[in-house]
Structure formats: C-alpha cells, structure tokens
Amino acid sequence: MSKGQDGEIGGEGPIVVWLRNDLRLDDNPPLAAAAETGRPVVPLVVFDEESKDVRQLGGAHKWWFHHSLESLATSFRGKGSQLTLRRGEGAKIVPEVMEEVGADALVFNRRYDEGSRAVDDAVVEALGDDVAVTRYAGNLLHNPDEVETNSGGYYKVYTPFMKTVMKQKRRAPVDAPSGFKQPDSFPKSDKLEDWDLLPTKPDWSGGIRDFWTVGEKAAHDRFADFCDECLGGYDAGRDKPDKDATSRMSPHLRWGEISPIRLWHTANAYAERRKTIPSGDLESFLQELVWRDFNYNLLYNFGPMATKDFNSRFDDFPWKSSKKSLEAWQAGKTGYPIVDAGMRQLWETGWMHNRIRMVVGSFLTKDLLIDWREGERWFWDTLVDGDIASNTAQWQWIGGTGADAQPFFRIFNPITQSERFDKNGDYIRRFVPELKDLPTKVLHAPWDADEETLEKAGVKLGETYPKPIIDHKKARDRALGAYDEVKG
DNA sequence: CCACAATTTAA
DNA sequence: TAAATTGTG
C-alpha cells in the first residue's frame, strides 16, 4: 500500500477520489494525480453522520455544504464526469463504492483531527491490501509534521512557527484537470435534496444567502476582487468591521473550495505585478494563512482542542454556568452594542468579523466568566466557516487557556474596542438598528447617555434595548479574582 | 372575530 | 429571508 504525497498511484483500474474538506477542482493534488494517470476517475463525497467521534455539522455548515456540493457537481459535469454522493459510515461506504466500480486505488487529502483520522484509518483498514491508497496534503501550506523546531519538536508559539514557515519551500499549485476518463458506469448516487441539509420551515437562511456566494468559482472571484480593492491597506483595513476589507475566504477555505497554496501564490503574484501593494500588507495577509496552519499544527501535534484546555492549569478554573447570561450573549442582547452587533451579525450572516470575534469571546469568557467551550460550541453551530482547528484554537486563545494565548488577565474593554474599531458606529447601526438614531458619541455606551438624547433617538433602555447585563469594571475585577485561584 | 401589520424567531 | 406569532383597529 503506497503512502505519502508524492507516491505513485498504485493499481491499474479505476481510481476513487474521496473528497471531503476539499470541494474543488483547482489545486487538488489527489484529483490532479488521478486524472493524470488516464485511468477512469470516480469522485466521491460521503455524508458521514455515523462514524464515532466525528463532529456533526452545525446548521449553518449544512447550508453551505449543500450549496457547495451543488456547485461541485456542476463543475464535474462540465468536465464530463459525475460526482457520486453517498450517505453513511465512511468505513462501510467507501469500500462499497469501490467494489461497485471495480476500483483498485483510493486517493484523498489528509485530515488532521483525531476523529477524522480514525475514520480514514478505518477505511484503509477495511479496504485491505488489494487496494492502493495514496494520501496527499492539499489543504494546508505544509503538513503539520513537516514544520519542526530546531530541537525536533513542534511549535507552541506562533511567531517562531511563522518565521520557519516563511523560510520553508512549499509546493506549487496544480491546475484543475482538463477532463476525466469515465468509468464504464458511475456508481449509484444519492440525491442531494434527500440529505435534508437545508432548513425548511422556517427558512432562516435568507441573511446568509444574501451575504455569500458559495462555490469554487465564487471563491476565486471574491479573491480577485479582494486583491484589487483590499490587499493594499489590508494591514489596517482588516481591523475595521464596518468596512468590507477582509478577504472573507474563511468559509471557502473551511470547505476547501479554494486552497491556501492557491491563495498564497495568487496574492504574491498580484503584489509582484502591481508594485503598489505595500509589502507589509501582503505580509499581513500571508500571515493570516500561516495562522490557519498554526492552528492545525496545534490540533494535530497536541490535540484534542475542542474539549481540553491546552493549558491544563485552567482545568480547575471556576467558570460560571449561567443559562440566562449565555442566552443573552447568543441572542445579542447583552446591552453592550459592539458585542450585540457581532452576535447578531453571526446569527444573520453565518459569519463574524475577526476583530469582533475577539471582542465577543473576551466578553463571554472574562466578563461573563462562561467556559470558552460554550462559545466554541455556539460558533460551531452558527458559523458557515466553523473550522475544526481554527475555531477551537481561537477560542482557547481568547479564553486564555490556549497555546501562546492572550494572557487571561488581558481583558478587552468592550467600550474602548468599540470606539477604536467602529469609530463612526456604522457596524453597530447596521446590526443593532434599534440604536441607529443615537449620536455616535453615546452609541458605544448608551447607558451613559442622558434621558433627552435617548428619548430623541427612540431608545428606552430596558425596553427597546437591554441595559448592560453586567458592569464591565466589576466583571473585570471578578475575572481577575477568579484567575488568582488558578494562576498558582 | 377578522384582516392585516408588526414583531419575533430559526441553525 | 420568510414563516410563525403576536398585536391592533
């Protein structure tokens, strides 16, 4: 059985390409390698809710998954091929499909979380020795076991990891195959509609639909626009939630509609061509891609991350469980406009600006003292980009429990953050419309406004908009006190 | 009690 | 966004 990303594909019959978080034709190494052999290619997607320890998709995930598959199926049809959809346990379904088409080779991109790795190993095990399996590394800049410290370990700190990655050679992107040889007959396929991935009554997906275009082509188009309009000035622009100045590649990367290697090369080539992009802006963008690799490095080399504090000192941290506070946070009704704007953006669009993710995360874990796992779970359920590595790593970062985390005692002041990053209040006004007529100087902290100002804007605190559910100063002191208990 | 408007809610 | 629920003349 062959292994590794440069391995030849063994066997001589049809090849099954098992697609997972790589729903694309461009820069997809196993797909390209399979097409290149000239042997029949069978692209397969398995919807697996049965294998143990695999995290179930959240609602927003499912919406994206549906539309991404629709788009991918169209792409394959355009190349004279056909995407096969099957539902069930990976270790049962993959061998079944291979048998059905007489395939003797299986190729796929590696996955890095424990649960998925177990499924992949179980599939390989179930296939036995008559089938050649080749695993590729198509979804990261580097395989996490290929970025080592000088002493042969793995990085727990971002900056040295980033410096090593910047120096490292990485593979060049591979173009989408121009076509695929068909098998004698394609395996039977489920109907996408039967997977029930879309919400029915009520259909809550309108806000998401308005905000996003799903699929490989949309990802490339959006990124081209981003390079034209936002790459120059990215370093400062990315921190302004009221501007549309981030790449918004996160869901496309999450589902693998575009690869990080492709983004890396496209951004570099663009900056090369247009000499006007300041190098610091390009660098900042590339470093965001490195953060994604760093998170996978943590997950793969030190996981699990969704459940266990990276820094075990926090295992005994006195988190509070308050259903009421958690629900107010989830609903965007904390009484802190910047926090509420973020939480409502998430609910409406399936996404939240990264700057604001930090603000709401700090508020949940430090002001409300609620366990970061609660926040992580909510994000997993509501984000279209909820990523097994980045979501967990970022929650541990903001909660202070992670590797190279924000120190727990660094507690964001939601008012200062709001004034600094949403200076004109456009972001708040967009997502918290009941405050839109307040003058900007009181918008960030409406409880400080005088009666007349509130009345003129039609705001009645406690009625049209909540009073703050907690006093930040007191909450800050309480958090520091709680931290004393575990800081040792 | 209805017709329609306004508001809430749904992963 | 749009269905479901609540409010109003």
Side-chain angles (χ1 to χ4, degrees), chain A residues 21 23 47-50 54-71 87 192-215 218 244 248 250-252 254-255 257 306 323-335 337 339-353 356-357 360-361 364 370-388 390-392 394-395 427-437 457-467 469:
Chain A
N21 303 319
L23 306 177
F47 181 29
D48 185 349
E49 292 183 298
E50 288 169 36
V54 170
R55 216 166 166 189
Q56 304 279 306
L57 297 179
H61 276 147
K62 287 184 182 168
W63 180 88
W64 193 287
F65 190 38
H66 178 103
H67 291 290
S68 196
L69 288 175
E70 215 166 37
S71 157
R87 184 176 201 163
L192 182 56
E193 293 68 45
D194 295 340
W195 284 4
D196 292 326
L197 296 167
L198 295 179
T200 46
K201 42 185 182 180
D203 174 7
W204 44 260
S205 65
I208 301 182
R209 202 183 317 141
D210 272 6
F211 197 66
W212 296 103
T213 312
V214 181
D244 188 19
R248 283 214 251 122
S250 56
H252 300 297
R254 156 67 177 82
W255 297 98
E257 294 172 350
K323 195 163 176 268
K324 230 177 116 196
S325 303
L326 178 62
E327 283 173 358
W329 177 81
Q330 291 171 335
K333 291 185 176 165
T334 66
V339 173
D340 294 342
M343 297 309 293
R344 296 187 200 181
Q345 179 179 38
L346 172 60
W347 191 243
E348 280 174 43
T349 69
W351 184 83
M352 197 192 305
H353 189 280
I356 308 303
R357 294 190 196 200
V360 304
L364 183 78
I370 291 176
D371 197 321
W372 61 269
R373 292 165 193 85
E374 293 285 358
E376 197 278 336
R377 251 193 306 252
W378 181 252
F379 271 35
W380 181 262
D381 231 27
T382 51
L383 280 170
V384 290
D385 68 24
D387 181 277
I388 193 80
S390 293
N391 194 42
T392 48
Q394 285 204 277
W395 269 100
Y427 181 73
I428 291 172
R429 288 197 178 88
R430 175 160 169 214
F431 290 105
V432 191
E434 66 266 38
L435 300 179
K436 71 177 187 321
D437 295 327
V459 176
K460 267 211 180 80
L461 289 182
E463 288 178 40
T464 65
Y465 182 73
K467 294 179 180 161
I469 59 170

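Below, read A as the first sequence line, B as the second, and so on, with proteins coming before strands; counting in each chain starts at 1.
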### Message
Any heavy-atom pair between the side chains of A:L435 and A:Y465 that's under 4.5 Å?
### Response
yes
#### Entry: Those residues of residues 378-385 of chain A lying under 4.0 Å from DNA chain B by at least one heavy atom
A:D381, A:T382
### Nucleotide B:dA10, atom C1' - distance to CH2 of A:W63 in whole Å
15 Å
### Task
Measure the shortest side-chain to side-chain distance between A:H66 and A:W195 over non-hydrogen atoms and say whether it is less than 4.5 angstrom.
no
#### Entry: Length of the CD-P vector between A:E49 and B:dA11, whole Å
15 Å
### Task
Classify the nucleic acid contact of A:L197 as base, sugar-phosphate or nothing, counting any heavy atom under 4.0 Å across all strands shown.
nothing
Distances under 3.5 Å between nitrogen or oxygen atoms of protein and nucleotides 1-4 of chain C:
{"residue": "C:dT1", "atom": "OP2", "partner": "A:D210", "partner atom": "OD2", "Å": "3.1"}
{"residue": "C:dT1", "atom": "O2", "partner": "A:D203", "partner atom": "O", "Å": "3.0"}

### Task
Mind calculating the distance between CD1 (A:I208) and P (B:dA10) to the nearest angstrom?
15 Å
### Query
Salt bridge between A:K333 and A:E327, side-chain N to carboxylate O under 4.0 Å?
no
#### Entry: Minimum side-chain heavy-atom gap A:V339-A:L364 below 4.5 Å
no
### Task
Nearest whole angstrom, please: distance from the C1' of B:dA11 to the CE of A:M343.
13 Å
### Task
Among A:W395, A:W372, A:W347, find the residue that satisfies the ring-ring contact (aromatic ring centres under 6.0 Å, His included) test when tested with A:F379.
A:W395
### Query
Would A:E376 and A:R373 pass as an ion pair if we require N to O under 4.0 Å?
no
### Query
Quick one: A:E434 CD to B:dT7 P, roughly how many Å, whole number?
12 Å
### Message
On the six-membered ring of A:W212, is A:R248 placed so that its NZ or CZ lies under 6.0 angstrom from the centre and within 45° of the ring axis?
### Response
yes
### Message
Angle between ring planes, A:W380 versus A:H61, binned at 30° and 60°: parallel, tilted or perpendicular?
### Response
perpendicular
### Task
Starting at atom CD of A:Q330, determine the distance to atom P of B:dA10, rounded to an integer number of angstrom.
12 Å
#### Entry: Nearest-Å distance for atom pair CG/C1', residues A:L346 and B:dA10
13 Å
### Whole-Å gap separating P (B:dA11) and CD (A:E376)
19 Å
### Query
With stacking defined as ring centroids separated by under 5.5 Å and planes differing by under 30°, is A:W347 stacked against B:dA11?
yes
### Query
Does the side chain of A:L346 reach to within under 4.5 Å of the side chain of A:W351, using non-hydrogen atoms?
no
